[in-house]
**Student:** 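First the structure, then my questions, so here it is.
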Amino acid sequence: MLASIGYAVAYTGVGIVLLTLGFLVLDLLTPGKLGRHIHEERSVNAGIVLAAGFLAQGLVIFSAIWTNATSGFGDALLYTVVFGLLGVVLQAIAFLVLDLLTPGKLGQHVTEVTFHPASLVLAAVQLAVSGIVVASIWP
């Protein structure tokens with residue numbers, strides 16, 4: 001049981017780092033401070049997009065751990081790091097592509113205080129990208 005507790009702590013630590021990295025990348029892609037948009041300005045759009053990003057990244061991390069755990073802790077942790085980073089990068093690319101395809105600045109729309117449907121579209125793109133990454137991990 002102690003070994004499993006150690007694995008849980010290690011995977012959670014890596015997961016938190018990857019979620020933080022995803023937050024920081026999304027913060028770079030949006031104007032201003034993302035945390036401020038959510039907590040001080042109460043932007044529902046920013047909250048939707050960040051929540052979807054966290055769920056999407058969490059699914060990638062879960063899948064990497066779940067599908068590789070029997071191959072040994074080191075391999076599974078490596079898969080988690082590699083596919084977690086890949087998920088962050090691919091979500092950022094999807095953000096930039098969607099920004100090119102839609103009018104206006106996507107980062108501006110998803111940080112507006114009043115609801116903007118672009119936040120739902122970006123949230124769906126993030127979840128779709130994570131589904132694609134998960135499918136590539138799944139045996």
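No hydrogens, no waters, no symmetry mates; every other heavy atom, side chains included, goes into these values.
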**Student:** Can you tell me if H116 uses its side chain to pair, donor with acceptor, with the backbone of Q108 under 3.5 Å?
**Tutor:** no
**Student:** Are V60 and L85 connected into the same hydrophobic cluster when the rule is that any two of I, L, V, M, F, W, Y join if their side-chain heavy atoms are below 4.5 Å apart?
**Tutor:** yes
**Student:** Working to the nearest 0.5 Å, report the span between CG of L77 and OH of Y7.
**Tutor:** 11.0 Å
**Student:** Within this structure, what is the CZ-OG1 distance for the pair F83 and T67, rounded to the nearest 0.5 Å?
**Tutor:**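 Answer for the CZ-OG1 pair, F83 versus T67, is 8.0 Å.
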**Student:** Do the side chain of T12 and the main chain of V9 share a donor and acceptor less than 3.5 angstrom apart?
**Tutor:**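 No, T12 side chain to V9 backbone: no donor-acceptor pair under 3.5 Å.
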**Student:** Is the distance from the ring center of Y11 to that of F73 below 6.0 Å?
**Tutor:** yes
**Student:** For residues G53 and Q126, report the shortest heavy-atom separation together with the two atoms involved.
**Tutor:** N-OE1, 3.3 Å
**Student:** Give the minimum heavy-atom separation between L26 and T30, together with the two atoms involved.
**Tutor:** O-OG1, 3.0 Å
**Student:** What heavy-atom pair brings V129 and A94 nearest, and what distance separates the two atoms?
**Tutor:** CG2-CB, 3.7 Å
**Student:** Report yes if the side chains of T111 and V49 come closer than 4.5 Å at any heavy-atom pair, otherwise no.
**Tutor:**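 No, every pair of side-chain atoms sits at 4.5 Å or beyond.
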**Student:** Mind checking the CG-CG spacing from L106 to L100? Nearest 0.5 Å is all I need.
**Tutor:**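 Nearest 0.5 Å value for the CG-CG distance: 10.0 Å.
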**Student:** Determine, step by step, whether V97 and V125 satisfy the side-chain contact (heavy atoms from CB on, under 4.5 Å) criterion, reporting the C-alpha distance in whole Å, the side-chain angles of both residues, the deciding distance to 0.1 Å, and the verdict.
**Tutor:** CA-CA 10 Å; V97 169; V125 165; over 6 Å; no
**Student:** Are V44 and I48 close enough that some pair of their side-chain heavy atoms sits under 4.5 Å apart?
**Tutor:** yes
**Student:** Do N68 and D75 have side chains that approach each other closer than 4.5 Å (heavy atoms only, starting at C-beta)?
**Tutor:** no
**Student:** Hey, is the main chain of S119 close enough, under 3.5 Å, to the side chain of N45 for a donor-acceptor pair?
**Tutor:**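 Here the side-chain-to-backbone pair does not exist.
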**Student:** Can you name the residues that form a side-chain hydrogen bond (donor to acceptor under 3.5 Å, both in side chains) with E112, not counting sequence neighbours?
**Tutor:** H109
**Student:** Output the distance between atom CG (L96) and atom CG (L101), rounded to the nearest 0.5 Å.
**Tutor:**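 Atom-to-atom, L96:CG and L101:CG are 11.0 Å apart.
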**Student:** Do V81 and V17 share a hydrophobic cluster, counting only Ile, Leu, Val, Met, Phe, Trp and Tyr and linking them when any side-chain heavy atoms are less than 4.5 Å apart?
**Tutor:**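 Shared cluster, no.
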**Student:** So, for I38 and A46, which heavy atoms are closest and what is the spacing to 0.1 Å?
**Tutor:** CG1-CB, 3.6 Å
**Student:** Would you name the heavy atoms of L122 and V110 that are closest together and state the gap between them?
**Tutor:** CD2-CG1, 4.0 Å
**Student:** Hey, does the side chain of D99 reach the backbone of F95 with a donor-acceptor pair shorter than 3.5 angstrom?
**Tutor:**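 Flag not set: sc D99 to bb F95 has no pair under 3.5 Å.
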**Student:** Indicate if L55 and V121 have the same hydrophobic cluster label, given that clusters are the connected sets of ILVMFWY residues with side-chain heavy-atom separations under 4.5 angstrom.
**Tutor:** no
**Student:** Considering non-hydrogen atoms only, spot the tightest contact between A123 and A52 and give its length.
**Tutor:**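 Looking at all heavy atoms of both residues, the closest pair is CB-CB, 3.4 Å.
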**Student:** For the pair Q57 (side chain) and G22 (backbone), establish whether a donor and an acceptor sit closer than 3.5 Å, ignoring hydrogens and angles.
**Tutor:** no
**Student:** Should V14 and W66 be regarded as members of a common hydrophobic cluster, given that ILVMFWY residues are connected when their side-chain heavy atoms come within less than 4.5 Å of each other, either directly or indirectly?
**Tutor:** yes
**Student:** Which residue, R42, H37, E41, forms the side-chain contact (heavy atoms from CB on, under 4.5 Å) with V113?
**Tutor:**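 Going through R42, H37, E41 one by one, the side-chain contact (heavy atoms from CB on, under 4.5 Å) with V113 is satisfied by E41 alone.
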**Student:** Transitively linked via ILVMFWY side-chain contacts under 4.5 Å: L34 with L21?
**Tutor:**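 Yes, L34 and L21 fall within the same hydrophobic cluster.
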**Student:** Is there a side-chain contact between F62 and V134, using heavy atoms and a 4.5 Å cut-off?
**Tutor:** no
**Student:** Can you tell me how far apart OH (Y79) and CG (L86) are? Round to the nearest 0.5 Å.
**Tutor:**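 Answer for the OH-CG pair, Y79 versus L86, is 12.5 Å.
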